[in-house]
Amino acid sequence: FSPSVLGTREHWDVAYERELQTFEEIGDAGEIWFGEESMFRIVRWLEKQKVPPDSSVLDIGTGNGLLLIELAKSGYSNLTGIDYSPAAIQLAEKVREREGMSNIKLKVEDFLAPSAELSGFEICIDKGTLDAISLSPDNAVGKRQQYLRALCTALKPGGFFLITSCNWTKEELLNEFREGFDILEELPTPKFCFGGRIGNSVTALVFQRK
């Protein structure tokens, strides 16, 4: 991947400070990465698998926290969101307050340097965070290795990892998580047609930790 400002903390701090200001002015919580359907896809899979509503869920790079809000509305009660941008967590807290979802836990936390308490989750969700890490101008390969180590600590054996990506193909993700994870399912995502070839602009996979 070519390095990009999308892989820097400075970019996200500025972006979420702007979204925080917009929320305070007009109540708009900002962008949903990959659209609303990406949230509903995750909720539908958890419901189809009959994942107990009290299962511990970690949203890695929660941003404005809207995925956690959707999960809470669907009955999930043990929800944690982390983001390394303080402005993102401030925004997520304001959205949580507006929606009356006080049971959602939110923390400023860098997933690549996790605290000791960031472990033992039954479900981890990533919607664009690995994408951003992969664009880091500063040792992206090393950061991806840190990400994998952190994920193996955060997710308990047998736990589910749901990842949505626009930078990685299914085959690339299978290779990235080949050690320590089994692929369970590829979730349907919108298809596009270009030059007579049909493809997916977004990949969504479910892994299970060994």
Side-chain angles (χ1 to χ4, degrees), residues 4-47 51 53-112 114 118 121 123-136 147 154 160-167 187-190 201-204:
S4 165
V5 294
L6 293 172
T8 67
R9 185 180 307 205
E10 292 77 15
H11 168 83
W12 295 110
D13 282 339
V14 170
Y16 282 114
E17 283 164 8
R18 187 167 57 244
E19 290 197 4
L20 180 60
Q21 183 177 353
T22 300
F23 182 83
E24 290 172 340
E25 290 173 354
I26 63 173
D28 182 354
E31 185 180 355
I32 299 172
W33 272 49
F34 308 121
E36 286 189 349
E37 173 58 26
S38 65
M39 298 193 303
F40 301 146
R41 186 187 306 129
I42 291 167
V43 173
R44 283 197 303 268
W45 188 85
L46 294 174
E47 291 176 340
V51 171
D54 61 348
S55 299
S56 53
V57 178
L58 176 65
D59 186 19
I60 302 166
T62 195
N64 55 21
L66 287 174
L67 172 59
L68 294 174
I69 296 295
E70 201 59 43
L71 288 167
K73 288 179 178 178
S74 299
Y76 294 93
S77 58
N78 191 356
L79 303 171
T80 300
I82 61 167
D83 204 293
Y84 68 4
S85 171
I89 294 300
Q90 288 176 15
L91 175 59
E93 287 171 344
K94 288 184 178 294
V95 174
R96 175 184 66 182
E97 182 181 352
R98 182 183 70 181
E99 299 291 337
M101 302 293 187
S102 58
N103 59 325
I104 295 174
K105 297 183 282 291
L106 297 166
K107 294 177 59 185
V108 177
E109 178 118 35
D110 183 352
F111 190 64
L112 301 186
L118 210 68
F121 286 90
I123 297 151
C124 288
I125 301 172
D126 178 329
K127 205 156 63 67
T129 298
L130 182 62
D131 283 356
I133 288 169
S134 303
L135 299 174
S136 173
Y147 179 99
F160 300 121
F161 173 53
L162 292 84
I163 182 166
T164 305
S165 169
C166 63
N167 285 353
L187 303 182
T189 59
S201 56
V202 173
T203 302

For residues K105 and N78, determine if any side-chain heavy atom of one lies less than 4.5 Å from a side-chain heavy atom of the other. yes

Looking at CD of E25 and CG of L20, how far apart are the two atoms once the value is rounded to the nearest 0.5 Å? 10.0 Å

Within the supplied structure, the quantity of interest is the number of heavy atoms (other residues, nucleotides, ligands) at a distance under 6.0 Å from E47 CD; does it exceed 12? yes

Check T203, D131, D126 against S165 for a side-chain hydrogen bond (donor to acceptor under 3.5 Å, both in side chains) and give me the one that passes. D131

Close side-chain approach of I123 and L162, heavy atoms under 4.5 Å: yes

Salt bridge (Lys or Arg N to Asp or Glu O under 4.0 Å) with R18: which residues, sequence neighbours excluded? none

Is there a side-chain contact between E70 and L66 (heavy atoms, below 4.5 Å)? no

side-chain contact (heavy atoms from CB on, under 4.5 Å) test vs L71 passes for just one of I104, I125, D59, namely I125

Side chains of N103 and L79, heavy atoms from C-beta outward: is any pair under 4.5 Å? no

For A29 and R98, work out which heavy atoms get closest and say how close. CB-NH2, 4.2 Å

Hydrogens and angles aside, do D13 and S85 bring a side-chain donor and acceptor to less than 3.5 Å of each other? yes

If you compare all heavy atoms of T164 against all heavy atoms of A204, which two are closest, and at what distance to 0.1 Å? OG1-CB, 4.1 Å

Out of curiosity, I42 CD1 to E37 CD, how far, rounded to the nearest 0.5 Å? 10.0 Å

Do the non-hydrogen side-chain atoms of Y84 and F111 ever get within less than 4.5 Å of each other? no

Within-4.5 Å side-chain heavy-atom neighbours: F121 and T80: yes

Contacts of F160 that satisfy ring-ring contact (aromatic ring centres under 6.0 Å, His included) - sequence neighbours left out: W45

Shortest non-hydrogen contact from L6 to W12? O-NE1, 2.7 Å

Atom pair CZ (R41) and CG (L46), whose distance is rounded to the nearest 0.5 Å: 12.5 Å

Measuring from atom CG of N64 to atom CD of E19, what distance do you get when rounded to the nearest 0.5 angstrom? 6.5 Å

Looking at every heavy atom in both A88 and D83, which two are closest together, and how far apart are they? CB-CG, 3.7 Å

Passes side-chain contact (heavy atoms from CB on, under 4.5 Å), K127 versus L67? Steps please. CA-CA 9 Å; K127 205 156 63 67; L67 172 59; 4.2 Å; yes

Report the C-alpha separation of E17 and Q90 in whole Å, then their side-chain angles, then the decisive distance to 0.1 Å, and conclude whether the side-chain contact (heavy atoms from CB on, under 4.5 Å) test is met. CA-CA 9 Å; E17 283 164 8; Q90 288 176 15; over 6 Å; no

What one should report as the nearest heavy-atom pair of C124 and A154 is SG-CB, 4.1 Å

Does any part of the side chain of V51, heavy atoms only, come nearer than 4.5 Å to the side chain of V57, both counted from C-beta? no

Quick one: closest heavy-atom pair of I69 and V95, and the distance? CG1-CG1, 4.0 Å

Pairwise side-chain contact, M39 with V43, heavy-atom cut-off 4.5 Å (strictly under): no

Set of residues satisfying ring-ring contact (aromatic ring centres under 6.0 Å, His included) with respect to Y76, sequence neighbours excluded: none

Between atom CD of E109 and atom OG1 of T62, what is the distance when rounded to the nearest 0.5 Å? 13.0 Å

Measuring from L118:CG to L58:CG, what's the distance to the nearest 0.5 Å? 5.0 Å

